[in-house]
Amino acid sequence: LDSLLELEPFYSLLEIGCSCGHNLNLIQKKSSGLNLAGIDIEPRSIAKAHDELRQIDLEVGNFVTLPWNTNQFDIVLADAVLMYLDGEEIHKAMDEIDRVCKKAVVIIDRFDESVEGVRNGDVRARNYDKLLQDRGFTVTKTKIKKEFWPKGIGWQKFGYVFVGQR
């Protein structure tokens with residue numbers, strides 16, 4: 001959330017891969033009056049999020065065809081979710097993120113020099129700097145510190161917060 005606070009002011013935010021809405025709930029509590037939305041492929045997660053987050057636009061769907069308008073959101077957040085997309089899907093998802101985003105993209109994920117993604121178990125680490133820069137964003141990259149993810153050895157080794165701004 002610290003990376004989001006540095007981007008203020010903003011008035012709308014979309015989280016892709018929002019699951020049950022934990023991040024959206026935290027954002028809503030810290031910044032009232034925002035237009036918030038979330039999408040997740042898992043219907044049960046969205047149903048649970050609907051129970052707790054009634055004023056947030058929540059959709060079941062994938063990341064390669066987002067159901068929102070061009071430039072609808074100031075910020076798009078992707079927290080540990082793009083790693084599950086294959087090489088073809090990541091480019092489509094990044095194009096959709098670019099399409100709906102007005103101001104900035106925040107990606108929390110694993111880094112590798114490969115754009116297509118290097119498999120690490122069930123996930124892929126990839127070069128989000130390049131994926132964002134190829135779409136016209138200026139990128140800052142911050143290593144995830146041990147205190148933020150104390151039990152996540154993979155996150156301590158490969159995890160970064162990427163902030164792409166227009």
Side-chain angles (χ1 to χ4, degrees), residues 1-40 45-46 49 52-59 61-85 90-112 115 123-150 152 155-156 158-166:
L1 290 179
D2 291 342
S3 295
L4 291 175
L5 296 176
E6 293 173 9
L7 297 170
E8 290 183 330
F10 61 91
Y11 307 99
S12 57
L13 179 141
L14 167 65
E15 182 177 13
I16 62 167
C18 67
S19 186
C20 299
H22 177 74
N23 287 336
L24 292 170
N25 190 25
L26 291 174
I27 293 164
Q28 187 176 47
K29 286 179 180 175
K30 285 207 179 259
S31 303
S32 63
L34 292 178
N35 174 23
L36 298 175
I39 189 166
D40 200 278
S45 295
I46 292 297
E52 298 178 26
L53 305 169
R54 299 190 189 282
Q55 297 179 354
I56 295 177
D57 179 11
L58 297 166
E59 302 286 337
N62 62 46
F63 315 142
V64 299
T65 52
L66 297 174
W68 290 283
N69 295 327
T70 299
N71 293 326
Q72 186 166 343
F73 298 99
D74 293 324
I75 308 290
V76 176
L77 170 64
D79 185 355
V81 68
L82 296 175
M83 66 176 75
Y84 297 104
L85 301 180
I90 190 62
H91 292 286
K92 290 178 182 177
M94 293 301 295
D95 288 344
E96 278 294 276
I97 289 168
D98 181 34
R99 182 183 67 77
V100 301
C101 177
K102 270 193 273 192
K103 182 176 178 178
V105 176
V106 177
I107 298 172
I108 298 102
D109 225 311
R110 296 177 184 218
F111 175 79
D112 186 85
V115 170
V123 300
R124 290 170 180 82
R126 55 175 51 100
N127 190 336
Y128 293 101
D129 303 49
K130 180 155 178 33
L131 287 165
L132 288 164
Q133 290 166 353
D134 286 351
R135 288 159 179 83
F137 291 92
T138 301
V139 181
T140 57
K141 178 171 84 172
T142 307
K143 183 87 177 88
I144 291 177
K145 297 177 184 161
K146 184 176 182 175
E147 58 266 20
F148 293 122
W149 226 305
W155 284 104
Q156 293 168 22
F158 302 107
Y160 285 85
V161 177
F162 303 87
V163 178
Q165 296 185 67
R166 297 207 186 269

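What you see is a predicted model; the values in this text were computed from it and never measured. Worth knowing before you read on, the calculation uses all heavy atoms, side chains too, and leaves out hydrogens, waters and symmetry mates.
- Atom-to-atom distance recorded for I97:CD1 and I90:CD1 is 6.5 Å, nearest 0.5 angstrom.
- Note: E59 CD to I46 CD1 = 8.0 Å, rounded to the nearest 0.5 Å.
- Formation of a donor-acceptor pair under 3.5 Å by the N25 side chain with backbone atoms of Q28 is not found in this model.
- Within a 6.0 Å sphere centred on OH of Y84, other residues, nucleotides and ligands contribute 12 heavy atoms or fewer.
- N71 approaches C101 most closely through the heavy-atom pair OD1-O, 3.2 Å.
- Going from atom CG of N127 over to atom CD of Q133 covers 7.5 Å, rounded to the nearest 0.5 Å.
- Taking every heavy atom of both residues into account, R126 and M83 meet most closely at NH1-CA, 4.2 Å.
- The two atoms that bring A93 and V64 nearest to each other are N-CG1, 3.9 Å, heavy atoms only.
- The aromatic rings of W68 and F73 sit perpendicular, their planes meeting at an angle over 60°, well past the 30° parallel limit.
- Remark: the backbone N or O of R99 is not paired with any side-chain donor or acceptor of R135 at under 3.5 angstrom.
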Side-chain donor-acceptor pairs of residues 13-23 under 3.5 Å, sequence neighbours excluded:
from	atom 1	to	atom 2	distance (Å)
E15	OE2	N23	ND2	2.9
N23	ND2	D79	OD2	3.0

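- Taking CG from L58 and CD from E52, the interatomic distance works out to 11.0 Å, rounded to the nearest 0.5 Å.
- Annotation for A104 and L7: closest pair CB-CD1, 3.8 Å, computed over non-hydrogen atoms.
- Between the D74 side chain and the K103 main chain, no donor and acceptor come within less than 3.5 Å of each other.
- For the atom pair Y11 OH and N35 CG, the distance stands at 13.0 Å (nearest 0.5 Å).
- Taking a 6.0 Å sphere around CD of Q55, one finds it holds 12 or fewer heavy atoms contributed by other residues, nucleotides or ligands.
- Checked options L132, V106, L4, T138; the residue passing with V163 is V106 (criterion: side chain to side chain contact (heavy atoms under 4.5 Å, CB included)).
- Here R166 pairs with D98 in a salt bridge; the nearest charged N to carboxylate O distance falls below 4.0 Å.
- Between L24 atom CG and L53 atom CG the span is 6.5 Å, to the nearest 0.5 Å.
- Residues S3 and V161 come closest through the heavy atom pair OG-CG1, 3.3 Å.
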Subject >> Verdict with reasoning, L131 to F162, per side-chain contact (heavy atoms from CB on, under 4.5 Å) >> reply: CA-CA 11 Å; L131 287 165; F162 303 87; over 6 Å; no
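- In this pair, Y160 and F111 present their aromatic rings perpendicular. The plane angle is above 60°, beyond the 30 to 60° band.
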